[in-house]
Amino acid sequence: MIVTNKYYLITLGCQMNEHDSEVICALVENMGYIATTMPEEADLIIINTCAVRKKPEDKVASLLGKFASLKTNKPNLIIAVGGCMSQQEDAAKYLKNRFPYLDLIFGTHALPRLPELISEAGNRKETIIDSEESYIDREGLPVAHRGRFKAWLPVIYGCNNYCSYCIVPYVRGRERSRNINDIIVEARKLVARGFIELTLLGQNVNSYGKDLPGQVTFAGLLAELNQIEGLERIRFMTSHPKDLSHDLIETVKNGEKICEHFHLPVQSGSDRILKAMNRRYTREQYLDLINIIKEEIPGVALTSDIIVGFPGESEDDFLATIDLLEKARFDNAFSFLYSPRRNTAAAGFTETLTRKDKEDRLQRLNDVQNRISKEINESLADQIVELLVEGESKGNPEILTGRTRTNKLVHFKNSENLTGKLVQVKITETRTWNLIGELQLKLDNKYV
Ligand code: 5AD
Ligand code: SF4
């Protein structure tokens with residue numbers, strides 16, 4: 001009888017982590033493991049962690065608490081914790097002390113060594129920690145893409161910005177751009193395999209190329225990818241407002257495959273707080289930038305991240321953020337309570353707000369943003385939009401779900417499963433978080 005080992009993987013955090021998990025899947029599958037959705041039947045459990053706020057870190061502790069009993073029933077079970085939390089030496093040591101039954105703790109830089117680390121962990125009693133800070137090139141690592149028509153494509157790893165609240169530069173290292181040819185070759189291969197939408201990933205995609213020889217820029221990379229035949233949509237995230245070039249705006253405007261959407265985190269609308277955050281732009285510069293984007297690219301969608309309750313944020317600072325939301329009119333904004341992160345500059349700032357103060361502000365901010373998102377969606381009524389169909393809605397296979405080029409979720413009725421296809425839909429109903437549409441007539445086997 002052939003016994004197949006099974007692995008169970010949980011991913012917390014951002015898109016880059018989701019992509020790292022696709023690499024982890026491919027590496028462990030190459031070792032002979034097959035995926036399971038049930039931790040009880042796994043021989044290997046991996047949690048790919050996030051360290052950007054306290055909440056996802058707490059989640060790791062609660063998951064590990066649950067997995068402890070599995071280890072009692074199955075002594076050969078390997079439990080591993082990877083990702084951003086494991087990359088920090090102090091967090092790795094804490095995990096080892098609190099959960100001594102852990103077999104392996106591996107940081108983001110350890111990905112290329114993962115197969116050896118897992119083999120070693122299976123043979124050793126004590127917890128192995130690999131939070132090594134030096135990184136080796138991860139080019140050429142296999143990827144098990146989760147989707148069939150949409151794929152992540154990392155273009156730059158790490159971050160050099162050191163925003164005062166942010167752990168990312170400490171756990172993802174300095175900026176490293178991938179070689180432009182490697183990216184283009186990978187994109188072509190993905191398209192040849194049937195992928196029609198690629199999302200270029202980087203903590204700050206605008207820095208792409210700065211560390212490469214020659215005149216390589218992110219706009220240049222996008223323009224090259226725009227030439228790939230068979231590719232339908234190109235997305236990218238995240239952009240830092242301080243170095244979003246005019247060239248990039250022009251390239252998005254002119255590149256027919258490049259989706260009209262910028263995720264451009266502002267974090268705060270107060271100059272005083274922006275300075276303390278080390279963001280290196282003012283609210284005026286930010287508003288000028290988005291006004292240019294809106295003028296140049298009609299119908300563009302803008303989304304943002306906001307941190308509420310940064311140390312020293314006064315009521316006036318907060319009102320400046322609310323005022324910026326009213327002026328910027330984001331399609332959507334992801335808002336977070338400030339969460340102090342060990343070893344960052346802001347961890348040394350004195351917190352001036354109670355949790356209740358922060359939560360009240362978050363609620364007020366969300367109320368304003370929800371109204372704006374709803375108003376923007378209302379303006380889309382009766383428009384015909386292009387959708388990439390992502391699948392059937394849960395509970396009802398006759399309702400299909402897709403995304404517009406501006407990344408809005410649209411549901412529409414159709415009995416034929418059009419997953420992975422581009423269709424045209426007329427918006428018939430609008431809501432705060434999604435839209436309802438009607439499939440447009442089919443002509444020559446194409447939905448127009
Ligand atoms: N506390 C709260 N939010 C944070 N973010 C990053 N670091 C912190 C922190 N310490 C938010 C920022 C960033 C998003 C990915 O997470 O808004 O853009
Ligand atoms: Fe963190 Fe700032 Fe880098 Fe974004 S740009 S990852 S917020 S340090």
Side-chain angles (χ1 to χ4, degrees), residues 11-20 48-59 83-85 87-88 90-91 108 152 154 156-172 199 201-207 236-244 261-270 273-274 276-281 283 286 290 302-313 317-318 321 324-325 328 330-355 357-359 361-363 365-366 369:
T11 308
L12 306 170
C14 67
Q15 290 79 4
M16 194 57 101
N17 235 25
E18 281 184 31
H19 176 70
D20 281 357
N48 192 10
T49 64
C50 167
V52 87
R53 281 174 293 276
K54 185 168 181 291
K55 216 165 153 190
E57 287 198 337
D58 291 345
K59 173 95 184 158
C84 290
M85 197 177 168
Q87 185 62 46
Q88 298 163 272
D90 44 4
T108 52
W152 308 117
I156 177 168
Y157 302 108
C159 181
N160 287 356
N161 289 316
Y162 289 96
C163 300
S164 63
Y165 50 81
C166 188
I167 194 76
V168 167
Y170 304 92
V171 293
R172 292 271 175 188
T199 302
L201 293 181
Q203 253 72 40
N204 178 14
V205 290
N206 303 124
S207 287
F236 58 92
M237 67 191 318
T238 292
S239 302
H240 195 302
K242 80 172 161 47
D243 36 29
L244 194 148
H261 172 211
F262 289 83
H263 182 59
L264 200 58
V266 64
Q267 313 295 4
S268 169
S270 152
I273 297 295
L274 286 172
M277 287 177 162
N278 191 29
R279 290 292 288 177
R280 286 174 281 172
Y281 52 81
R283 64 178 268 134
Y286 184 89
I290 63 168
L302 290 169
T303 54
S304 202
D305 292 342
I306 315 262
I307 296 178
V308 173
F310 189 77
E313 184 190 82
D317 292 320
F318 175 68
T321 301
L324 183 133
L325 286 190
F330 297 120
D331 291 76
N332 200 356
F334 303 92
S335 51
F336 308 100
L337 290 185
Y338 169 69
S339 170
R341 303 285 71 206
R342 284 179 302 276
N343 308 326
T344 60
F349 301 174
T350 311
E351 287 224 51
T352 47
L353 293 159
T354 63
R355 187 166 177 99
D357 291 335
K358 289 196 220 172
E359 280 170 356
R361 284 188 186 169
L362 189 71
Q363 187 58 51
L365 183 125
N366 287 341
Q369 181 54 47

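When a ligand or atom number is given, it counts from 1 through the structure's own listing order. Computation of the quantities below employed the complete heavy-atom set of this structure, encompassing side-chain atoms and omitting hydrogens, waters and symmetry-equivalent molecules. For the single chain, residues carry numbers from 1 onward in sequence order.
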Return yes or no for this condition: an N or O of Tyr165 is under 3.5 Å from an N or O of ligand 1.
yes
Could you tell me whether Tyr338 and ligand 1 have an N or O pair separated by under 3.5 Å?
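Looking only at distances, the answer is no, because the N/O contact criterion of under 3.5 Å is not met.
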Subset of ligand 1 atoms that lie under 4.0 Å from at least one heavy atom of Arg341:
10 (N)
Distance filter under 4.0 Å to Gln267 heavy atoms, resulting ligand 1 atoms
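In order of number, 12 (C), 13 (C), 17 (O), 18 (O).
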Heavy-atom contact check, 4.0 Å cutoff: does Leu337 meet ligand 1?
yes
Ligand 1-proximal atoms of Val52, by part, heavy-atom distance under 4.0 Å
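Within the 4.0 Å criterion, Val52 contacts ligand 1 through backbone and side-chain atoms alike.
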Backbone N/O of Leu12 and side chain of Asn17: donor-acceptor pair under 3.5 Å
yes
Check the side chains of Tyr338 and Glu313 for a donor-acceptor pair under 3.5 angstrom, ignoring hydrogens and angles.
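No.
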Under a 3.5 Å threshold, yes or no: a donor from one side chain and an acceptor from the other, between Thr108 and Asp20?
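Looking only at side-chain atoms, Asp20 and Thr108 do not form any donor-acceptor pair under 3.5 Å.
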How would you list, by chain and number, every residue that makes a salt bridge (charged side-chain N to carboxylate O under 4.0 Å, His left out) with Lys54, sequence neighbours excluded?
Asp58
Tyr162/Tyr170 aromatic ring centres below 6.0 Å:
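Yes, the ring centres sit under 6.0 Å apart.
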